[in-house]
Amino acid sequence: MPFSCLKRMTLGRSFLGACAALGISIAPVGLACAQEQRPPQTALTYSVFVHGLHVMNIQASYWLSDQQYGVAAQVKTTALFGLFMKTDLSMQAQGRFDGRAVEPEKFTTAGWSRRSMRRATIVYKDGMPEVSVLEPAETDREPVTQEERKGAVDVLSALIGILHQARSQQSCQGQEKLFDGLRLTTLSLQTAGTVKLPSGGPWDWGETGLRCNFVGQQVKGFHFSSDKSKLHNPQPGRVWFENIGNLGLVAVRIELDHPKLGRINVLLSSTPKQYP
């Protein structure tokens, strides 16, 4: 699930995204398994709240095995909030795992964001993300060099990597670099253990869950005019995973403290479903 949806999901600009509206169909995840039968696909729906206001919906689907993964998401502003700031983005990613490490192969995104239709495609070779499509071009940002972005992953791959580690090791430790074609962000994670799930909001899930704390910080790719932007500051957050039925651990709640928007809550809004 969705940190850029947490990053990209910050109301048209960024987790993670993130990271579709209720009732919007999900693009199928199409990565083929060459050496194993593909596991079932899980579909989830999340609602995004800022200061208690329901501003976005996210629909996501993913499958993952010990060796491979595929994930897709659609993010869309609610009808009311869309009157002020419209976002309607689809994203897909696919890749493999090398032990605990995630190794993305391709990431694509397309849709309406920041008052424009946008498209981006990132392909990966030997740990290097290369931007093959970026529309429209943005010339008012500082560039991210090849050396700086080497080893970086897209937000969907980062999220599926966190889920993979949580399921296989009951932990979420480590450092990651995220690159979306324009911005470079560092992400650090730390396990906080199995804790009581917070109450509040329209949906509550269970009693306890695995909590992971994280800190995201954009480090490159700023607008040239944003030297004093609050976006330079670290952005702390938390994610809770809960065992749901036979699905294993599922992200049920994400909180992000954004320097401009304040507290953002992403809540699982319906029971996840699984398909062959």
Exercise: do Thr191 and Gln173 side chains pair donor with acceptor under 3.5 Å
yes
Salt bridge (charged side-chain N to carboxylate O under 4.0 Å, His left out) filter on Glu130, not counting sequence neighbours, yields Arg149
Heavy atoms, side chains only, cut-off 4.5 Å: are Leu210 and Leu249 in contact?
->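 Yes, at least one pair of side-chain atoms sits under 4.5 Å.
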(message) For Glu135, is there any backbone N or O sitting under 3.5 Å from a side-chain donor or acceptor partner on Arg119?
(response) no
Q) Would you call the rings of Phe97 and Tyr69 parallel, tilted or perpendicular, where under 30° means parallel and over 60° means perpendicular? A) tilted
### Task
Any chance you could measure Leu178, atom CG, to Leu184, atom CG, to the nearest 0.5 Å?
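Between Leu178 CG and Leu184 CG, I get 8.0 Å after rounding to 0.5 Å.
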- Query: So, do Ser65 and Pro39 sit near enough that their side-chain heavy atoms are less than 4.5 Å apart?
  - Reply: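 Yes; the side chains approach each other to less than 4.5 Å.
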With the side chain counted from C-beta on, respond yes when Asn57 and Thr45 share a heavy-atom pair under 4.5 Å apart, and no when they do not.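 Contact flag for Asn57/Thr45 side chains = no.
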**Q.** same_hphob_cluster(Val123, Val71) at 4.5 Å side-chain heavy-atom cutoff
**A.**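 They do not share one cluster, since no chain of ILVMFWY contacts under 4.5 Å joins Val123 to Val71.
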| task | Run the numbers on Arg96 and Asp66 for salt bridge (Lys or Arg N to Asp or Glu O under 4.0 Å), then give the verdict. | result | CA-CA 8 Å; Arg96 300 177 178 275; Asp66 290 337; over 6 Å; no
Pair Thr42, Tyr275: side-chain N/O donor-acceptor within cut-off below 3.5 Å:
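No - no donor-acceptor pair under 3.5 Å links their side chains.
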For Glu138 and Arg118, what are the C-alpha separation, side-chain angles and deciding distance, and is it a salt bridge (Lys or Arg N to Asp or Glu O under 4.0 Å)?
CA-CA 11 Å; Glu138 295 192 24; Arg118 300 181 180 276; 3.1 Å; yes
- Interatomic distance, Leu268 atom CG to Phe241 atom CZ [nearest 0.5 angstrom]: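 Interatomic distance, Leu268 CG to Phe241 CZ, rounded to 0.5 Å: 12.0 Å.
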Report task. Using distance alone, with no hydrogens and no angle criterion, decide if Asn213 and Arg211 have a side-chain donor and acceptor under 3.5 Å apart. Result -> yes
Would you compute the distance between atom NE2 of His258 and atom CD1 of Ile264 and round it to the nearest 0.5 angstrom?
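Result: 5.5 Å between the selected atoms.
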Fill in: Lys220: partners by salt bridge (charged side-chain N to carboxylate O under 4.0 Å, His left out), with sequence neighbours left out
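In terms of salt bridge (charged side-chain N to carboxylate O under 4.0 Å, His left out), with neighbours along the sequence ignored, Lys220 is linked to Glu148.
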Worksheet entry | Glu147/Lys150 under salt bridge (Lys or Arg N to Asp or Glu O under 4.0 Å): CA gap, chis, key distance, verdict | CA-CA 5 Å; Glu147 184 62 30; Lys150 185 174 178 59; over 6 Å; no
With rounding to the nearest 0.5 Å, note down the distance linking CZ in Phe107 to OG1 in Thr121.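 These two atoms lie 9.0 Å from each other.
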Single-linkage hydrophobic cluster Val133~Val155, side-chain heavy atoms < 4.5 angstrom | no
Requested in this report: Measure the CD-NE2 distance between Gln68 and His164 for me, rounded to the nearest 0.5 Å.
Outcome: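 Separation between the atoms: 11.5 Å.
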- prompt: With a 4.5 Å heavy-atom cut-off, do Tyr62 and Leu163 have their side chains touching?
  reply: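 Side chain of Tyr62 against side chain of Leu163, heavy atoms only: contact under 4.5 Å found.
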Applied to residues 95-196, the disulfide bond (SG atoms under 2.5 Å apart) test, sequence neighbours excluded, yields Cys172-Cys212
> Taking the side chain as C-beta and beyond, is there a heavy-atom pair between Leu89 and Trp112 under 4.5 Å?
Replying inline: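 Sidechains of Trp112 and Leu89: no contact.
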